[in-house]
Amino acid sequence: MSLLNDLNPAQRKAVLETEGSLLVFAGAGSGKTRVLTYRIAYLIQEKGVSPRNIFAVTFTNKAANEMRERVEHLLGSSARGIWISTFHSACARILRGHIDRLGFGKNFVIYDEDDQERHLKTVMKELDLDFKMFHPRAMQSRIDRLKNEGMMPEQYKPSPFNIFEKRLALVYQKYQEDLRRNNGVDFGDLLLFVTLLFRKFPDVLGSYQNLCRYVMVDEFQDTNLIQYQLIRHLVEGHRNVCVVGDDDQSIYRWRGAEVGNILNFERDFPGTKVVTLEQNYRSTQHILEAANHVVKKNRFRKEKALWTENPEGELLTLYVAEDEEDEARFVVRKISNDILSNPEESNRAYRHIAIFYRINAQSRALEEELVKHQIPYTIVGGLKFYERKEIKDILAYLKLIANPSDGISLKRIINQPPRGIGEKTMERIAVFSKEKGLPLYEGMREALKEDWLPSGSKERIGGFVRLIEEFSEEAKTLSLSQLTLTLLARTGYLERLKEEGTDEALSRVENIDELVNVLTELEQGEDQVSLETFLEKVSLVTDVDLYVDKENRVSLMTLHCAKGLEFPVVFIVGMEEGLLPHYRKGEEAEDLEEERRLCYVGITRAKKKLYLSRAEERSTFGVGRANLPSRFLDELPYELMQMEERERRRDSLFSQETHWLDDFNQSGNEMDFPMQESRFSEKQDIVISPDGFYPLRTGMRVRHPQFGDGRVKSIEGMNENQKATIVFRTEGPKRLKVRYANLEILE
DNA sequence: AATCGTAGTGTTTTT
DNA sequence: CACTACGATT
């Protein structure tokens, strides 16, 4: 059969072992996704398994989509009905169907980290806890951890001598109670509640066990305790479970991932067959050898070594920079001089290049340099669309409409835009609601019937309630995008932003615009999008999911984000003690090993060429600090490395930065010439291109419809987000979003 | 109630 | 250095 011809012996074995439990150790670049997809295809095509009985779980939507696409490619329409999903969306779907058994409404909302924190803070405030003594963040992470361990509040037994734990128990209890009152769940609850459901209601569990006859788990090394429990529940009985993972790529221990799950799998599932995929199809020999050398130093790992038939390839390049700016210059120099103008690699493009770093803060220096040289880039992760204030506000309106019990969203928008309903009014209503045992919104409506509210407040609250009632009514007939537009208009949210008129406000308007676009697009694609479905989707997207590599740009991301991706050319910057093994309080051997794995993940993303760099001095907090070379550099075999010489610094006289005062004077002088008028009209037909780069340069003279003439002092960002600081003759310096500024280039 | 200014504080990684 | 949380101000 042709399917099997595309596979090497180990891969083939992993596909053919369909019954019982199978553990696949899949080294980086060893064709893991190929095995999973072929296995699914094999089950359906050769074993006659119904697609409906196959369940595959991944960690990101991107991985899930990719898998679905590839299976569809193999099978065509007979792939229909396979359940391929992330842990979180699978759980959300299960809860959508059965959460009423746990005392929640099926229209529950999902709270993200930000909502979670707000909620936690109100809970802590009500318990009269001092934030300085008990950090909300610490509480939050402990609660998350408890949930990852499958621990409900009533099961948690704090040590009687530990004040923090005693308070934690209290907070956790109340936190959960109030979440329920809001008919909301947080991320951790999604998983926790499904295991609870399975444990308490055998009929529910049974129906899913029956459905999921063949279960596959991707990135198994990243599962935490509760996810593992979930899988075990699901495969009880038939035990057809295939888990794929690589202990060397476990980088989420801090988030509760248990490498133990993969290492103990054989113990928990007696009779497990084990397949190890060691042939790498991705990287050159040199890169692979380097990776093997580094990860070999870890003690807590299953012994294995990747090999490849690929060519030797180039040596790894190491550059020791003066500081982070010099490091950024090195990266950019390599990109423009070596990589893109190398005739041997004539098809190299920006999209083939990625830059990895340990922490997001490192991106800044790189971005600045990339912008300076007009190299297009995207940042994967970082500022997330659905976490922006304005987007979250609009979503909060929608959430409240979908689920009127959602007090967290209600509090968020009650005064957004400002309607004169202040904190103390809301506090009174909160107390009142709690006394009556009502959700906040209900309490608000009840309060209107009584007369303890000041008439002014009552008036305004009445107005708000009426507004929401109208929206709820309209939600029944309008499409999602129409509803959103109505909402934007009638709350005056957009109007207020536009009035504000600052560039920040304008960029918010643009983001909201974008949101409406997303909605409209969604409506055109699928037959019907319900409010709940949409909100759920939004709650569960991740940055990597939104990452589209279609455009020709250099990719910047953290090492964590890089997992699962590959690029012909990879830079790993900041190879320094303290940064790449990142120092934190309480260093443990396990932590160091995780850092090493992180480094390993980074190295193994590279297909053809790997550049490493470190800076002798790096400013953190604005203070320079000398860093020692990363110990991981020492772990690389010397023969594989080649040093990059430092370039002699050119005179900084030619730097693009000019003082704005100079611009001011310059432009001031020139504008005194009367002949300008004609010069302007000649150039009037210059249109700034709507996509790609806006052809602005520092030093250019431009005209703005309101502010008049000015000179470009500096430019930041790219494309639609590009901002420029322009020194106007009459208005002085202003920072504008180029896309909206409607600039005319004079010269 | 809303806005403005300041002091203190903190940077890992995120489903 | 950059952000935010809080306090003082109108």
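In what follows, chains are A, B, ... by sequence order, proteins preceding strands, each numbered from 1. Source: prediction; values computed, not measured.
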Under the side chain to side chain donor-acceptor pair (under 3.5 Å) rule, what pairs show up with a residue in residues 82-92 of chain A, not counting sequence neighbours? A:Thr86-A:Ser89
Give A:Arg145 one of three labels, base, sugar-phosphate or nothing, depending on what nucleic acid heavy atoms sit under 4.0 Å from its own. nothing
Could you list, one pair per line, each protein nitrogen or oxygen that sits under 3.5 Å from a nitrogen or oxygen of nucleotides 6-10 of chain C, together with the distance?
none

Kindly say whether, by distance alone, the side chain of A:His560 makes a donor-acceptor pair under 3.5 Å with the base of B:dT14? no
Of A:Arg137 and A:Thr558, the one whose closest nucleotide on DNA chain B sits nearer the 5' end is A:Arg137
Hey, which of these two, A:Asn415 or A:Gln116, hits DNA chain B nearer its 5' end, going by closest nucleotide? A:Asn415
Applying side-chain hydrogen bond (donor to acceptor under 3.5 Å, both in side chains), can you list everything that pairs with A:Arg167, at least two apart in sequence or on another chain? none
Over how many whole Å does the gap from A:Met426 atom CE to B:dA1 atom P extend? 11 Å
Can you list the residues that meet the side chain to side chain contact (heavy atoms under 4.5 Å, CB included) rule with A:Asp114, with sequence neighbours excluded? A:Asp112, A:Arg118, A:Lys392, A:Arg412
Between NZ of A:Lys537 and P of B:dT15 the distance, given in whole Å, is 17 Å
Nearest whole Å is fine: how far is B:dT15 P from A:Arg93 CZ? 21 Å
Please report the interatomic distance CG(A:Leu559) to CZ(A:Arg605), rounded to the nearest 0.5 Å. 10.0 Å
A:Tyr252-A:Asn224 side chain donor-acceptor pair, cut-off 3.5 Å: no
In whole angstroms, the gap separating C1' of B:dT15 from CG of A:Asp186 amounts to 12 Å
Using a heavy-atom cut-off of under 4.0 Å over every strand shown, decide if A:Ser141 touches base, sugar-phosphate, or nothing. nothing
Proximal nucleotide (of C:dA5, B:dA1, B:dT15) relative to the A:Phe187 side chain: B:dT15
A:Glu324 CD to C:dC1 C1': how many Å, rounded? 12 Å
Do we get A:Arg232 above A:Tyr228's six-membered ring, with its NZ or CZ under 6.0 Å from the centre and within 45° of the axis? yes
Length of the line joining A:Asp222:CG and B:dT14:P, which is rounded to integer Å: 13 Å
For A:Ile359 and C:dC1, give me the distance from atom CD1 to atom C1', rounded to whole Å. 13 Å
Go through the structure and list residues passing side chain to side chain contact (heavy atoms under 4.5 Å, CB included) with A:Pro153, not counting sequence neighbours. A:Tyr172, A:Gln173, A:Gln176
Can you tell me, in whole Å, how much space there is between the C1' of C:dC6 and that of B:dT11? 22 Å
Whole-Å gap separating P (B:dT14) and CD1 (A:Ile110): 20 Å
Under 4.0 Å from OP1 or OP2 of B:dT15: is there any side-chain N or O of A:Thr58 that close? no
List every contact pair, protein side and nucleotides 2-4 of chain C side both N or O, where the distance is under 3.5 Å.
from, atom 1, to, atom 2, distance (Å)
C:dA2, OP1, A:Arg364, NH1, 2.7

Contacts table for residues 616-624 of chain A: side-chain donor-acceptor under 3.5 angstrom, sequence neighbours left out:
from, atom 1, to, atom 2, distance (Å)
A:Glu616, OE1, A:Arg646, NH2, 3.2
A:Arg618, NE, A:Glu576, OE1, 2.9
A:Arg618, NE, A:Glu576, OE2, 3.4
A:Arg618, NH2, A:Glu327, OE1, 3.0
A:Arg618, NH2, A:Glu576, OE2, 2.6
A:Ser619, OG, A:Glu324, OE2, 2.7

State whether A:Asn360 places a side-chain N or O below 4.0 Å from either non-bridging phosphate oxygen (OP1 or OP2) of B:dT13. yes
Quick test of the criterion, 5.5 Å between centres and less than 30° between planes. Is A:Trp254 stacked on B:dT13 or not? yes
With C1' as the reference atom in both, quote the distance from B:dT13 to C:dT4 in angstrom, rounded to an integer. 22 Å
According to side chain to side chain contact (heavy atoms under 4.5 Å, CB included), who are the partners of A:Val123, at least two apart in sequence or on a separate chain? A:His119, A:Leu127, A:Val171, A:Lys174, A:Asp178
What's the closest nucleotide to the side chain of A:Arg496 if the choices are B:dT14, B:dT3, B:dT15? B:dT3
For A:Glu427, check salt bridge (Lys or Arg N to Asp or Glu O under 4.0 Å) against everything at least two apart and list the hits. none
Given B:dT3, B:dT15, B:dG10, which nucleotide is nearest the side-chain atoms of A:His135? B:dG10
